[in-house]
Amino acid sequence: MGSWCRTGATLVLGAGVGAAVCRLLSLRGREEEEEGAGVLHRVPVLPVPSVLASELTVSPGASVAVMKYGFPSLANIKTRESYVTSYDPRTRTASWVIERLNPASLSGSSNRKNCEFRADDSVHLFHRSTNDDYRGSGFDRGHLAAAANHKWSQKAMDDTFYLSNVAPQVSLSLSLTHSLTHSLTHSLTHSLCVCVCVCAQNPHLNQNTWNNLEKLCRSLTKRYLNVYVCSGPLYLPRQEADGKLYVRYQVIGQNHVAVPTHFFKVLILEQANGRGVELRSYVLPNEPIDEKVPLERFLVPIETIERASGLLFVSNILKRTSSLQADRPTTLPRIHQ
């Protein structure tokens, strides 16, 4: 009996001590909270606005919504005076670059001669490409956002010369007898192929076909209210001798800058008076291309680029318009390997 009494007394004493400690901690916590509140009262609290992708703007003019039709992806977003980009530190090139073209952006006194290619200091040194990587590589420093698209401001044009807006593009002339053929998406759609013939008359991708596609984008500003251009690299599989599909690409320079197998351009053509948008999508192989091959040969379904790149366009566009018309490619010649 005495043992039970001693045990009961011990429990009561313990409960009392525990309650006292709890009250002490509670009072101390309230004092710290009040002290903290006093500090917060002395520090100005600024509201953080919610920002939608469609509200991300760049010059010229505060109303220019470069990202009106959304982000194709959300990794490593960077904004420049003339474009918005998503940088891929693994390849040392951009995943995509979006720019907005209209007559205002195409006119001005900016001069390309005043621009120089330069490394992007905002990219970590480990993941940055340099001019030395391209020197002697046999590849051009191919713009994704084109310099000629941004004559409205010298700063805007200068920004297109960051190497983070550049990817290696073929610049070597090859023999007329050397024929190159590539399937754009052999593992994605077996019926879609493009045959590219090589000529010996300086068939640089950067200086000929890619440049012609950039000129087409600029010419479309005469017919459409705004032309949104998204450009980027692709690394597509091809079937090799063992019958298996492989993704293989070269790297250049000490920083191992990836050489894309293909490039894409997605054009979002905004019609006047809110009549909706048209969509065109192109894929060009990173190979010398005969300039006689029409650009229409490189039209592909937008789903091809979405699947191959891991990016999404259509779902974002449909959030902004109920009228979307996509130009579908005509029947393309099938490659016989």
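Keep in mind it's a predicted model, so treat the numbers as computed, not measured. Throughout, numbering of the chain's residues begins at 1 and tracks the sequence.
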Between Leu216 and Val227, is there a shared hydrophobic cluster once you connect ILVMFWY residues whose side-chain heavy atoms come closer than 4.5 Å? yes
Heavy atoms, side chains only, cut-off 4.5 Å: are Trp152 and Glu81 in contact? yes
Look up atom CG in Leu284 and atom CG in Asn212, then write down how far apart they are to the nearest 0.5 Å. 10.0 Å
Kindly give the cluster partners of Tyr87, where membership spreads through any ILVMFWY side chain lying under 4.5 Å from a current member. Val123
Report the distance from atom CG of Leu236 to atom OH of Tyr249, rounding to the nearest 0.5 Å. 12.5 Å
Using a strict cut-off of less than 4.0 Å between a Lys/Arg side-chain nitrogen and an Asp/Glu carboxylate oxygen, indicate whether Arg80 and Asp120 qualify as a salt bridge. yes
Quick check: closest heavy atoms across Lys265 and Leu144, and the distance to 0.1 Å? NZ-O, 3.6 Å
Met157 and Cys115 have their tightest heavy-atom pair at CG-SG, 3.7 Å
Please tell me if the side chains of Lys151 and Leu106 come closer than 4.5 Å, counting only heavy atoms from C-beta onward. no
Using the rule given for side-chain contact (heavy atoms from CB on, under 4.5 Å), can you reason through Leu267 versus Tyr228, listing the C-alpha separation, both sets of side-chain angles and the distance that settles it, and then say yes or no? CA-CA 6 Å; Leu267 313 185; Tyr228 295 85; over 6 Å; no
Can you check whether Ile77 reaches Ser86 side chain to side chain, under 4.5 Å on heavy atoms? yes
Rounded to the nearest 0.5 Å, how far apart are CG of Asp158 and CD of Glu116? 9.5 Å
About how many Å separate OG of Ser219 and CD of Glu214, when rounded to the nearest 0.5 Å? 12.0 Å
What is the minimum heavy-atom distance between Gly142 and Gln169, and which atoms define it? CA-OE1, 3.6 Å
Using side-chain heavy atoms (C-beta onward) and a distance below 4.5 Å, is Val257 in contact with Thr93? yes
With rounding to the nearest 0.5 angstrom, report the CD to CG distance, Glu240 to Leu245. 9.0 Å
Compare every heavy atom of Phe139 with every heavy atom of Val259, then report the nearest pair and how far apart it is. CG1-CE2, 3.4 Å
Phe264 and Phe313 aromatic ring geometry - parallel, tilted or perpendicular at 30°/60° bounds: perpendicular
Can you check whether Ser281 reaches Thr304 side chain to side chain, under 4.5 Å on heavy atoms? no
Closer than 3.5 angstrom, by distance alone: can the side chain of Arg92 be matched with the main-chain N or O of Asn255 as a donor-acceptor pair? yes
Cation-pi, Tyr246 ring and Arg238 (6.0 angstrom, 45 degrees): no
Do any N or O atoms from the side chain of Gln239 and from the backbone of Gly243 form a donor-acceptor pair under 3.5 angstrom? yes
Side chains of Val277 and Tyr224, heavy atoms from C-beta outward: is any pair under 4.5 Å? no
Check the pair Leu279, Ile268 against side-chain contact (heavy atoms from CB on, under 4.5 Å), reporting the backbone distance first and the verdict last. CA-CA 5 Å; Leu279 192 63; Ile268 303 173; 3.8 Å; yes
Checking Asn165 against Asp159 for the side-chain contact (heavy atoms from CB on, under 4.5 Å) test, could you report, in this order, the C-alpha distance in whole Å, the side-chain angles of both residues, the deciding distance, and whether it holds? CA-CA 8 Å; Asn165 177 50; Asp159 279 1; over 6 Å; no
Do Tyr235 and Trp210 land in one hydrophobic cluster if side-chain heavy atoms of ILVMFWY residues count as linked below 4.5 Å? no
Is a side-chain donor or acceptor of Asn286 paired with a backbone partner of Val170 at a separation under 3.5 angstrom? yes
CA sep, side-chain torsions, deciding dist, call: Phe161, Val166, side-chain contact (heavy atoms from CB on, under 4.5 Å): CA-CA 8 Å; Phe161 282 80; Val166 162; over 6 Å; no
Side-chain (Asp133) to main-chain (Gln254) donor-acceptor, under 3.5 angstrom: yes
Determine whether a donor-acceptor pair (N or O, by modelled atom type, separation under 3.5 Å) exists between the side chain of Ser105 and the backbone of Leu101. no
Donor-acceptor check, side chain of Glu306 to backbone of Val314, threshold 3.5 angstrom: yes or no? yes
Consider only side-chain heavy atoms of I, L, V, M, F, W and Y, link residues closer than 4.5 Å, and tell whether Leu234 and Leu312 are in one cluster. no
Flag the pair His143 / Phe117 as yes when their ring centroid distance falls below 6.0 Å, and as no otherwise. yes
Any non-hydrogen side-chain atom of Leu295 less than 4.5 Å from a side-chain atom of Thr209? yes
Nearest heavy-atom pair of Ser95 and Leu311: which atoms, and what distance? O-CD1, 4.2 Å
For a quick check under 3.5 Å, do Asn149 and Arg218 share a side-chain donor-acceptor pair by atom type? yes
Is any side-chain heavy atom of Asn131 closer than 4.5 Å to a side-chain heavy atom of Leu163? yes
Shared hydrophobic cluster for Leu213 and Val293 (ILVMFWY, side-chain gaps under 4.5 Å): yes
Polar side-chain atom of Ser110 near backbone of Gln154 as donor-acceptor pair, under 3.5 Å: yes
Quick one: closest heavy-atom pair of Pro233 and Phe263, and the distance? CA-CD2, 4.0 Å
Counting heavy atoms not belonging to Arg223, are there more than 12 under 6.0 Å from its CZ? no
Would Phe298 and Leu220 show up in the same hydrophobic cluster when neighbours are defined by side-chain heavy atoms closer than 4.5 Å? yes
Find the distance between CG (Asn316) and NZ (Lys319) and round it off to the nearest 0.5 Å. 5.5 Å
Please tell me whether Lys78 and Ser122 have a donor and an acceptor in their side chains that are separated by less than 3.5 angstrom. yes
